[in-house]
Participant: 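Before anything else, here's the structure in question.
The figures that follow rest on heavy atoms only: side chains count, while hydrogens, waters and symmetry mates do not. Reminder, nothing fancy here: chain letters follow the sequence lines and each chain counts from 1. Just so we're clear, the structure is a prediction, and the values are computed from it rather than from any experiment.
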Amino acid sequence: AQSVAQPEDQVNVAEGNPLTVKCTYSVSGNPYLFWYVQYPNRGLQFLLKYITGDNLVKGSYGFEAEFNKSQTSFHLKKPSALVSDSALYFCAVKEYGNKLVFGAGTILRVKS
Amino acid sequence: SAVISQKPSRDICQRGTSLTIQCQVDSQVTMMFWYRQQPGQSLTLIATANQGSEATYESGFVIDKFPISRPNLTFSTLTVSNMSPEDSSIYLCSVEPRQGVETQYFGPGTRLLVL
């Protein structure tokens with residue numbers, strides 16, 4: 001069965017510093033990996049995805065993520081954090097034809 | 001990406017009553033899904049809404065409690081029946097526009113509080 005883990009409940013970073021939100025996954029076949037962001041009182045917004053190809057994926061709002069097959073990880077990164085990046089971030093994984101499975105979520109707090 | 005709207009955006013309901021949530025998409029989509037997000041929790045898939053046939057429910061969710069309709073390729077409803085305070089959650093509709101695209105896009109959600 002497919003699963004995804006986000007080991008950190010919360011990540012704190014100062015504005016202007018780089019940020020990383022961690023995600024590891026488990027699937028039996030080839031993974032499709034996604035990051036979503038949820039702002040307070042809002043739905044989920046799609047940030048980026050990895051399906052195949054280049055291991056470094058670039059997405060919305062300056063975010064990027066690196067697919068690492070050997071470590072089964074798909075960490076979300078941004079070179080310079082903004083206060084407005086503060087939100088709840090979800091990693092999700094699926095295999096072709098299967099349902100999307102979400103991690104528990106990581107709260108990102110960016111302080112000025 | 002598809003533009004998805006949900007009605008109502010929020011509601012406060014009395015236990016024992018039912019609420020129907022609507023999901024409207026601005027274009028025809030292949031797949032539509034309903035999720036529940038309990039307070040402080042992640043998203044849990046309730047069911048896949050199938051156009052023209054019965055929805056496919058995940059373990060722990062039953063049709064009597066969460067009846068779903070999908071009359072066409074742009075619209076679906078989820079009913080939360082005989083509500084209890086444990087049903088207080090955010091209910092989200094999502095879509096996969098086309099098979100092979102593999103990205104799900106989410107509506108803004110419906111915040112439900114059951115008293």
Participant: Linking I/L/V/M/F/W/Y whenever their side-chain heavy atoms sit closer than 4.5 Å, directly or via other members, would L78(B) and Y57(B) fall into one cluster?
Facilitator: yes
Participant: Which is it for Y35(B) and F102(A) under the ring-ring contact (aromatic ring centres under 6.0 Å, His included) test, yes or no, and what are the steps along the way?
Facilitator: CA-CA 11 Å; Y35(B) 287 83; F102(A) 285 85; 5.8 Å; yes
Participant: How long is the gap from CG on L45(B) to NZ on K99(A), to the nearest 0.5 Å?
Facilitator: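 So the gap between those two atoms works out to 6.0 Å.
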Participant: Output yes when a side-chain donor or acceptor of S42(B) lies under 3.5 Å from a complementary backbone atom of G103(A), and no otherwise.
Facilitator: yes
Participant: Are there residues of residues 107-115 of chain B that reach to under 4.5 Å of chain A by heavy atoms, and which ones?
Facilitator: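 Counting heavy atoms that sit under 4.5 Å from chain A, the residues of residues 107-115 of chain B involved are G107(B), P108(B), R111(B).
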Participant: Are more than 12 heavy atoms from other residues, nucleotides or ligands located less than 6.0 Å from atom NZ of K65(B)?
Facilitator: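 Enclosed.
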Participant: Taking heavy atoms only and a threshold strictly under 4.5 Å, list by residue number the residues of residues 73-84 of chain A that touch chain B; give 'none' if the list is empty.
Facilitator: none
Participant: Does N30(A) CG have over 12 foreign heavy atoms under 6.0 Å away?
Facilitator: no
Participant: With clusters defined by side-chain heavy atoms of hydrophobic residues (ILVMFWY) lying less than 4.5 Å apart, directly or transitively, does F61(B) cluster with I63(B)?
Facilitator: yes
Participant: Using the test side chain to side chain donor-acceptor pair (under 3.5 Å), find all partners of T20(B) that sit at least two apart in sequence or belong to another chain.
Facilitator: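 Residues passing side chain to side chain donor-acceptor pair (under 3.5 Å) with T20(B): T79(B).
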Participant: Can you tell me which of Q45(A), Q6(A), K94(A), R42(A) forms the most heavy-atom pairs within a distance under 4.5 Å of chain B?
Facilitator: K94(A)
Participant: Please classify the contact of Q41(B) with chain A as side chain, backbone, both or neither, using a heavy-atom distance under 4.5 Å.
Facilitator: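 Only the backbone of Q41(B) comes within 4.5 Å of chain A.
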Participant: Is there a path of hydrophobic side-chain contacts, each under 4.5 Å between heavy atoms, that joins F90(A) and I90(B)?
Facilitator: yes
Participant: Could you see if W34(B) belongs to whatever hydrophobic cluster contains V62(B)? Use Ile, Leu, Val, Met, Phe, Trp, Tyr and a side-chain cutoff under 4.5 Å.
Facilitator: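 No, because W34(B) and V62(B) fall into different hydrophobic clusters, even though each may have its own neighbours under 4.5 Å.
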Participant: Please go through F75(B)'s hydrophobic cluster and name the other residues, only I, L, V, M, F, W, Y counting, with side-chain heavy atoms under 4.5 Å joining them.
Facilitator: none
Participant: To the nearest 0.5 angstrom, please state how far the CG atom of L44(A) sits from the CG atom of L43(B).
Facilitator: 5.5 Å
Participant: Can you tell me how far the CG atom of L100(A) sits from the OG1 atom of T103(B), to the nearest 0.5 Å?
Facilitator: 9.5 Å
Participant: Using the rule that Ile, Leu, Val, Met, Phe, Trp and Tyr join whenever any side-chain heavy atoms are under 4.5 Å apart, tell me whether F33(B) and Y91(B) fall into a single cluster.
Facilitator: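 In one cluster with F33(B): Y91(B), no.
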Participant: Measure the OH-OH distance between Y36(A) and Y105(B) for me, rounded to the nearest 0.5 Å.
Facilitator: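 Result: 7.5 Å between the selected atoms.
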Participant: What distance do Q104(B) atom CD and F34(A) atom CZ have between them, rounded to the nearest 0.5 Å?
Facilitator: 7.5 Å
